[in-house]
Amino acid sequence: MKALVYQGKSDIRYEDFADPELKDDGGVIVQAKLCGICGSDLHLYHGMSGETGFCVGHEAVGEVVEVGRAVKRLKIGDQVMIAASAGCGRCGACTRGDVIRCEFGAASAYGQGKRLQGCQAEAIWAPGADFNVRKIPDGVTHDQALMLTDNLPTAWFGCVQADIRPGDDVAVVGLGPIGLMAVECAQVLGAGRVFAVDLVDERRRMAAELGAIALHPDTAPQEIDAATSGRKCRSVVEAVGLDATVELALRLVGQEGTVSAVGVNFNQAFAFPMLMSFLKNTTFRIGGCPVQRYWDELGRLIQSGRLRPERFITHRLPLSEGAEAYRIFDQRQAGALKSVLTP
Ligand SMILES: [Zn+2]
Ligand SMILES: [Zn+2]
C-alpha cells in the first residue's frame, strides 16, 4: 500500500509501505477513506521522534475489510471511525473509557512510532476493535466521523474538565479547530458568554460567527475584566499548549474557577503562577482525552445538529500530496484549520 512515512524532521514522504496485517484475533483492518492531519502531528513533524520509517497520523475513518475472529461488533463492509488512541478494551480503565490509563499498558496512539503504525495510510490495523473502532452512527457523515476520532472529543473533554455550568462566563484560549469546537461545545453545555481569544484575525472572525465574543490576547484580560466587572471567567479552556497561552488562561480565570488545558505542552519547568492561583483558589486540570468515552453523547449531538464539527475542515488533498499538506499546515497559512487527506 501507500502511506505517509516519517523519515526525519520536516520530512514526511508518500511511499510504498508494508500492508497491515491482523496481529491477533481482536483487531480489524480498515481501508481508509479520509485521514486527518492534527495539530499534534506537528510535534512529530518538528522532529520529536528519534525513530524513523514508520507511518504517521492518528485520525481516520474508512471501511472494514478484514476482521479478527474474536471481534463481535464489526463486520466486513462496516463504515467505521478509529479512536486516536487504542487501549486493550477489557481492563477496568478501558471499560470506563479511560484508555490512556489502560491497566495492561496497552495504551498507544497511532503513528508515533513502530509500535502502532499510523492512520495516514491506505489501510490501517486497529487492535481491540470492539472497543477502539466504532461503526459510524446513522446520519453522521464521514467528515463528521473524522472529527470524532480526536478533535471534537478533545474539545468536549476540555469543556467538561472546565466545569462549565449554565450561564457561566467561559473563555477559550486558542482558536484552532479544537478551540473553535470548544466554543461550540461550551455553548451546548450552557455557557452564558464565551470569550474566544486568538492572535489570528480570521480565527477570531470564525469564533464571532459562532456567537462568541472574539478578543485579541493582548487586550483580552482588560476586556474580560470590563465585561465581567472584574469577576473574570468561571471556566477557561486552553487549546494550544504554549506557555504563553497557559499563562493567559490562568490570568483569565476568576475566583474558584477552573482552567482546563488540552494543548500538549512539553515544558517540564513551566513557571506556574502559584500565588495568583492560591489567592483565586484555582482548579487546574490538564490531560489527554479518552476519545471512546465520548462517542455516544457526541454522536447524538451531531445527529441532532447541535454540533457541526465538519465546518472546520478547510483543506482537502489527496494522500499522495501529504507532504505538501504538512507544509501548508505547518506554515499555518491563512484560513488553514483542519486538513483532510483522501487515499
Ligand atoms: Zn489528532
Ligand atoms: Zn485496557
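Order of listing sets the numbers, starting from 1, for every ligand and every atom in it.
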> At the Zn ion (ligand 1), what's the angle from His58 NE2 to Cys38 SG, rounded to 10 degrees?
Replying inline: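 NE2 of His58 and SG of Cys38 make an angle of 110° at the Zn ion (ligand 1), to the nearest 10°.
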> Name of the Glu59 N, O or S atom nearest the Zn ion (ligand 1)?
Replying inline: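 Closest N, O or S atom of Glu59 to the Zn ion (ligand 1): OE2.
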> Restricting to N, O or S atoms of Asp150, which is nearest to the Zn ion (ligand 1)?
Replying inline: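 Atom name of the closest N, O or S in Asp150: OD2.
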> Centres of the Tyr45 and Tyr6 rings: under 6.0 Å?
Replying inline: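 No, the ring centres sit 6.0 Å or more apart.
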> Hey, do the aromatic rings of Phe266 and His43 have their centres closer than 6.0 Å?
Replying inline: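 That pair passes the under 6.0 Å test.
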> Do you see an N/O/S atom of Asp41, backbone or side chain, under 2.8 Å from the Zn ion (ligand 1)?
Replying inline: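 No, Asp41 does not qualify, because none of its backbone or side-chain N, O or S atoms lies under 2.8 Å.
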Is it true that [X] and [Y] make a salt bridge, defined as a side-chain N closer than 4.0 Å to a carboxylate O?
X	Y	result
Arg316	Asp143	yes
Asp11	Arg13	yes
Arg251	Asp225	no

> At the Zn ion (ligand 2), what is the angle formed between atom SG of Cys88 and atom SG of Cys94, rounded to the nearest 10°?
Replying inline: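 Vertex the Zn ion (ligand 2), arms to SG of Cys88 and SG of Cys94: 110°.
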